[in-house]
*Asks:* 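Quick one: this structure, given as structure tokens, is what I'll be asking you about.
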Amino acid sequence: MAAPNPLIETLTLPYGEAAIARAAGVIDGGGCVAIPTETVYGLAADATNRDAVAGIYAAKGRPSFNPLIVHVTDRRAAEKIALFDRDARALADAFWPGPLTLVLPLRPEAEIAGIVTAGLDTVAIRVPQHRAMQALLAASGKPLAAPSANASGTISPTRAAHVAVSLHGRIPLIVDDGPTSGGIESTIVALGGNPRLLRPGPIPAEAIEREIGRWLSGGSEEIEAPGQLASHYAPTKPVRLDATERCADEWLIGFGAVTGNDTLSAAGDLIEAAAALFDALHRADDSDCAAIAVAPVPDKGIGVAINDRLRRAAHRP
Ligand code: TXA
Ligand code: MG
């Protein structure tokens, strides 16, 4: 992907008042800023400003048919943008602020730029928990559209350094608040009609089903969450899954009893593994080995989301 010409200077500032004031200034001026959420670092812009959002797509080199998630400070702000039914309110009250995105009918009068929803009559919306994203939402006073802060199709960033490698020269500012705690993108649920799980994430399907007292169906990701391309999280090297041993020239990412060059969690803890996943894939991609192997991860709780991302990392287009 060709970088925009001329390259701009990318400044990284540690989280704090000065960084947030500067970030709010960039947002106000129609620019985009990389900022951590509890899941991954996001690339945020004013969701009401079409040109600002176009800047996100340009920096990421993202296909423009992919709609973005709108981040807001609280449910009240979300209800000005989307139509909430009983299930939506129950889920918002149970899981916000936090890593749950709801796809809901867009209020026709909402000022969200059409480019954010890719022209759909629904909107993906969430209230993030992270102090940096919350501070930027408060300081800018705008709903912020934010995909993960990485070039389209590459591994999601869980550290400021990942963002810098991927988007250096394409964005003006990165706010660095250390590694993210969650490590995997938010769970996406579509409501209205049958509730559907569009993307597994940190909040397991069972927890959502308990809250709304109904089963979730699988949803048709390809139509409803076009960002879910099969190879969405691809490292540059081939990835082999369910590996219990290292083959020649492989970098093995272990889990539990399977030890390797690196581990997602030596203790076999799935929460720890989720937080470590993308960082481990980045390290594997940067290693001297020609290929990557990953130990089996149990398919329960957040392990479902880990395996979803691993399958995408292993998929060759
Ligand atoms: O944790 C996260 O969700 C991170 C942080 C930055 O908030 N964001 C993130 O955004 O993962 P992104 O752009 O990488 O993923 C957004 C997903 C895509 O799969 C997209 O297709 C889906 O949300 N999406 C957005 N609007 C939608 C809509 N109206 N209907 C269905 N899917 C939608
Ligand atoms: Mg992404």
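Indexing begins at 1, ligand by ligand and atom by atom, following the structure's order. Positions are given from 1, in the same order as the sequence printed here. As the structure is a computational prediction, the values presented were derived from the model and not from experiment.
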*Asks:* Using heavy atoms and a 4.0 Å limit, tell me yes or no: is Arg126 in contact with ligand 1?
*Replies:*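 It does, in that a heavy atom of Arg126 comes within the 4.0 Å cut-off of ligand 1.
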
*Asks:* What part of Ile69, side chain from CB on, backbone N/CA/C/O, both or neither, has a heavy atom under 4.0 Å from ligand 1?
*Replies:*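 Side chain only.
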
*Asks:* Quick check: does Glu185 get an N/O under 3.5 Å from an N/O on ligand 1?
*Replies:*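 Not met; the criterion fails.
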
*Asks:* Under 4.0 Å from a heavy atom of Thr39: give me the atoms of ligand 1 that qualify, with their elements.
*Replies:*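 It comes down to these atoms of ligand 1: 1 (O), 2 (C), 4 (C), 5 (C).
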
*Asks:* If you look at every heavy atom in Leu167 and Thr10, which pair is closest and at what distance?
*Replies:*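 So the two residues come closest at O-OG1, 4.1 Å.
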
*Asks:* For ligand 1, which atoms have a heavy atom of Ala124 less than 4.0 angstrom away?
*Replies:*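 Per the distance check, 25 (C), 26 (N), 27 (C).
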
*Asks:* State plainly whether the residues Arg199 and Glu185 are in salt-bridge range, i.e. N to O under 4.0 Å.
*Replies:*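 Not counted as a salt bridge, because no side-chain N and carboxylate O are separated by less than 4.0 Å.
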
*Asks:* Would you kindly say whether Ser186 and Thr101 are connected by a side-chain donor-acceptor distance under 3.5 Å?
*Replies:*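 Looking only at side-chain atoms, Thr101 and Ser186 do form a donor-acceptor pair, the distance falling under 3.5 Å.
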
*Asks:* Between Ser156 and Arg309, do the side chains contain a donor N or O and an acceptor N or O under 3.5 Å apart?
*Replies:*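 Side-chain D/A pair, Arg309 to Ser156: absent.
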
*Asks:* Would you indicate which of Arg199, Lys60, His130, His71 comes nearest to atom 11 (O) of ligand 1 when only heavy atoms are counted?
*Replies:*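 The nearest heavy atom belongs to Arg199.
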
*Asks:* May I ask you to list the atoms of ligand 1 that are less than 4.0 angstrom from any heavy atom of Thr122?
*Replies:*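 Close to Thr122: 28 (C), 29 (N), 30 (N).
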
*Asks:* If only atom types and distance count, is the side chain of Asp249 paired as donor or acceptor with the main-chain N or O of Ala291 below 3.5 Å?
*Replies:*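 Such a contact is absent between Asp249 side chain and Ala291 backbone.
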
*Asks:* Indicate yes or no: does Arg89 engage Asp93 in a salt bridge with an N to O separation below 4.0 Å.
*Replies:*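 Between Asp93 and Arg89 there is no salt bridge, as every charged N stays at least 4.0 Å from the carboxylate O atoms.
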
*Asks:* Does Thr37, backbone or side chain, put an N or O under 3.5 Å from an N or O of ligand 1?
*Replies:*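 Min N/O separation from ligand 1 is not below 3.5 Å for Thr37.
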
*Asks:* Which label fits Phe84 and Trp96: parallel for a plane angle under 30°, tilted from 30 to 60°, or perpendicular past 60°?
*Replies:*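 Geometry flag for Trp96 against Phe84: perpendicular rings.
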
*Asks:* For ligand 1, which atoms sit closer than 4.0 Å to a heavy atom of Gly42?
*Replies:*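 Checking each atom against Gly42, I get 6 (C).
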
*Asks:* Identify, by atom number and element, the atoms of ligand 1 in contact range of Ser186, meaning under 4.0 Å from any of its heavy atoms.
*Replies:*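 Listed by number with element: 1 (O), 2 (C), 3 (O).
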
*Asks:* Yes or no: does Thr117 have any heavy atom under 4.0 Å from an atom of ligand 1?
*Replies:*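 False for this residue.
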
*Asks:* Does His130 reach the side chain of Thr180, with side-chain heavy atoms less than 4.5 Å apart?
*Replies:*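 Side chain of His130 against side chain of Thr180, heavy atoms only: no contact under 4.5 Å found.
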
*Asks:* Any atoms of ligand 1 less than 4.0 Å from a non-hydrogen atom of Ala146? List them with their elements.
*Replies:*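 It comes down to these atoms of ligand 1: 6 (C), 8 (N), 10 (O).
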
